[in-house]
Asker: 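Here it is, the structure in full.
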Amino acid sequence: KFECHTGDGILHRAFSVFLFNSKHETLLQLRARGKRLWPGYWSNSCCSHPRRGERIEDAVQRRLMQELGIATPVRFLFAFEYHARYRDEGSEHELCSVFVGRIDQAPIANEHEVAKWQYVAPEELDAELAAHPERYTPWLKLEWERIRAEHRAAISAL
């Protein structure tokens with residue numbers, strides 16, 4: 001994992017999860033200050049990497065439990081490749097699978113992963129991203145734009 005994120009990064013598999021409650025608000029997390037890349041930035045509900053040989057769906061469930069203390073079914077939306085550099089610390093170069101799910105509970109955040117969390121209405125997140133994009137991880141911005149443009153029905157159906 002360290003090598004994949006060093007320098008310009010090495011293309012590798014990753015996933016992002018957006019969890020929504022019954023009000024269709026999405027759960028965001030503020031990344032812990034101890035994170036190597038984008039510490040202290042707001043991001044989607046959960047994101048990580050599958051282990052070698054691990055099915056991505058199993059990795060999603062593992063990380064939801066490790067980061068947020070929750071288990072919930074998720075639905076695959078899309079996959080895309082992106083590259084983003086964080087200062088001189090390293091880069092993300094990922095083939096990222098994006099999932100959505102529903103929860104109506106407060107997470108039990110792992111303090112080593114998540115500094116804070118909040119539920120945010122889609123329109124509020126749109127406005128925040130327009131006004132303060134520097135507060136958010138690059139993958140959240142890319143994924144949210146596509147979710148809003150192409151997958152509103154999937155979110156409404158949760």
Side-chain angles (χ1 to χ4, degrees), residues 1 5 12-80 82 84 86 92 94-158:
K1 182 177 165 182
H5 292 108
H12 60 283
R13 295 184 309 151
F15 61 84
S16 287
V17 182
F18 287 81
L19 298 174
F20 294 84
N21 63 18
S22 56
K23 299 178 195 175
H24 299 293
E25 298 167 323
T26 189
L27 176 66
L28 298 182
Q29 67 162 270
L30 184 67
R31 291 169 58 84
R33 292 281 176 196
K35 297 289 225 176
R36 178 179 175 205
L37 304 178
W38 287 277
Y41 284 71
W42 285 100
S43 198
N44 53 296
S45 308
C46 178
C47 55
S48 192
H49 310 87
R51 294 176 176 153
R52 186 181 315 259
E54 184 179 32
R55 288 178 358 124
I56 201 144
E57 294 83 359
D58 295 335
V60 167
Q61 293 303 319
R62 174 178 54 80
R63 288 303 292 179
L64 283 172
M65 187 56 67
Q66 290 173 344
E67 285 190 23
L68 301 171
I70 55 175
T72 189
V74 295
R75 177 179 170 199
F76 173 79
L77 289 185
F78 61 92
F80 74 110
Y82 77 99
Y86 179 70
E92 298 282 8
E94 298 182 334
L95 178 56
C96 190
S97 296
V98 180
F99 294 84
V100 293
R102 179 173 167 179
I103 62 167
D104 279 311
Q105 66 190 60
I108 302 168
N110 177 337
E111 66 185 23
H112 300 290
E113 301 289 338
V114 180
K116 292 194 302 189
W117 59 269
Q118 65 179 349
Y119 281 103
V120 178
E123 298 77 16
E124 183 181 343
L125 182 53
D126 293 342
E128 275 294 307
L129 287 170
H132 303 286
E134 72 283 357
R135 295 179 183 171
Y136 297 87
T137 59
W139 59 89
L140 174 133
K141 292 182 271 190
L142 294 167
E143 294 162 359
W144 186 250
E145 181 180 349
R146 189 158 169 191
I147 286 170
R148 296 292 279 159
E150 300 173 17
H151 299 283
R152 288 181 190 231
I155 305 310
S156 295
L158 291 173

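Keep in mind that this is a model prediction, so the values were computed, not measured.
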Asker: For Leu129 and Lys141, work out which heavy atoms get closest and say how close.
Answerer: CD2-CG, 3.7 Å
Asker: Got a donor-acceptor contact below 3.5 angstrom from the Ser16 side chain to the Cys47 backbone?
Answerer: no
Asker: Taking distance alone, no hydrogens or angles, what donor-acceptor pairs closer than 3.5 Å link side-chain atoms of residues 107-114 to residues at least two apart or in another chain?
Answerer:
from: Asn110; atom 1: OD1; to: His112; atom 2: N; distance (Å): 2.9
from: Asn110; atom 1: ND2; to: Gln66; atom 2: O; distance (Å): 3.3
from: Glu113; atom 1: OE1; to: Lys35; atom 2: NZ; distance (Å): 2.4
from: Glu113; atom 1: OE1; to: Arg63; atom 2: NH2; distance (Å): 3.1
from: Glu113; atom 1: OE2; to: Arg63; atom 2: NH2; distance (Å): 3.3

Asker: Can you name the closest pair of heavy atoms from Phe80 and Phe78 and give their distance?
Answerer: CD2-CE1, 3.7 Å
Asker: Can you name the residues that form a side-chain contact (heavy atoms from CB on, under 4.5 Å) with Ala71, not counting sequence neighbours?
Answerer: Gln61, Met65
Asker: Does Asn21 reach the main-chain N or O of Asp104 with its side chain, forming a donor-acceptor pair under 3.5 Å?
Answerer: no
Asker: Nearest 0.5 angstrom please: Glu123 CD to His24 NE2, how far?
Answerer: 10.5 Å
Asker: Name all residues meeting the side chain to side chain donor-acceptor pair (under 3.5 Å) criterion together with Asp126; count only those two or more places apart in sequence or in a different chain, and write none if there are none.
Answerer: Trp144, Arg148
Asker: Restricting to side chain to side chain donor-acceptor pair (under 3.5 Å), what partner residues turn up for Glu150, sequence neighbours left out?
Answerer: Arg146
Asker: Applying side chain to side chain contact (heavy atoms under 4.5 Å, CB included) to Ile70 and Gln105, what does each step give before you reach the verdict?
Answerer: CA-CA 9 Å; Ile70 55 175; Gln105 66 190 60; 2.7 Å; yes
Asker: Can you measure from SG (Cys96) to NE2 (His12) and round to the nearest 0.5 angstrom?
Answerer: 9.0 Å
Asker: To the nearest 0.5 angstrom, please state how far the CZ atom of Phe18 sits from the CD1 atom of Ile155.
Answerer: 8.5 Å
Asker: Any side-chain heavy-atom pair from Phe99 and Ser45 closer than 4.5 angstrom?
Answerer: no
Asker: For Glu124 and Glu25, what are the C-alpha separation, side-chain angles and deciding distance, and is it a side chain to side chain contact (heavy atoms under 4.5 Å, CB included)?
Answerer: CA-CA 9 Å; Glu124 183 181 343; Glu25 298 167 323; over 6 Å; no
Asker: Output the distance between atom CG (Leu30) and atom OH (Tyr136), rounded to the nearest 0.5 Å.
Answerer: 10.0 Å
Asker: When rounded to the nearest 0.5 angstrom, what distance separates CG in Leu125 from CH2 in Trp42?
Answerer: 11.0 Å
Asker: Under 3.5 Å, side chain of Thr26 to main-chain N/O of Leu19, donor-acceptor pair present?
Answerer: yes
Asker: Does Glu145, at its CD atom, have more than 12 non-hydrogen atoms belonging to other residues, nucleotides or ligands within less than 6.0 Å?
Answerer: no
Asker: Going by heavy atoms in the side chains, are Ile103 and Tyr119 under 4.5 Å from each other?
Answerer: yes
Asker: Would you give the length of the straight line joining atom CD of Glu128 to atom CG of Leu28, rounded to the nearest 0.5 angstrom?
Answerer: 10.0 Å
Asker: For residues Ala84 and Trp38, report the shortest heavy-atom separation together with the two atoms involved.
Answerer: O-CH2, 3.5 Å
Asker: Testing the basics here: between Arg13 and Glu54, what is the closest heavy-atom pair and its distance to 0.1 Å?
Answerer: NH2-O, 3.3 Å
Asker: Which atom pair, heavy atoms only, marks the closest approach of Arg36 to Pro39?
Answerer: O-CD, 4.0 Å
Asker: Got a sec, which residues hit side chain to side chain donor-acceptor pair (under 3.5 Å) with Ser43, two or more places apart in sequence or on another chain?
Answerer: Thr137, Trp139
Asker: Do Asn44 and Val98 have side-chain heavy atoms sitting under 4.5 Å apart?
Answerer: no
Asker: Using the test side chain to side chain donor-acceptor pair (under 3.5 Å), find all partners of Arg55 that sit at least two apart in sequence or belong to another chain.
Answerer: Asp58
Asker: Checking the side chain of Arg75 only, and the main-chain atoms of Leu158 only, is there a donor and an acceptor separated by less than 3.5 Å?
Answerer: no
Asker: Write down the atom of Gln29, the atom of Cys46, and the distance for their closest heavy-atom approach.
Answerer: NE2-CA, 3.9 Å
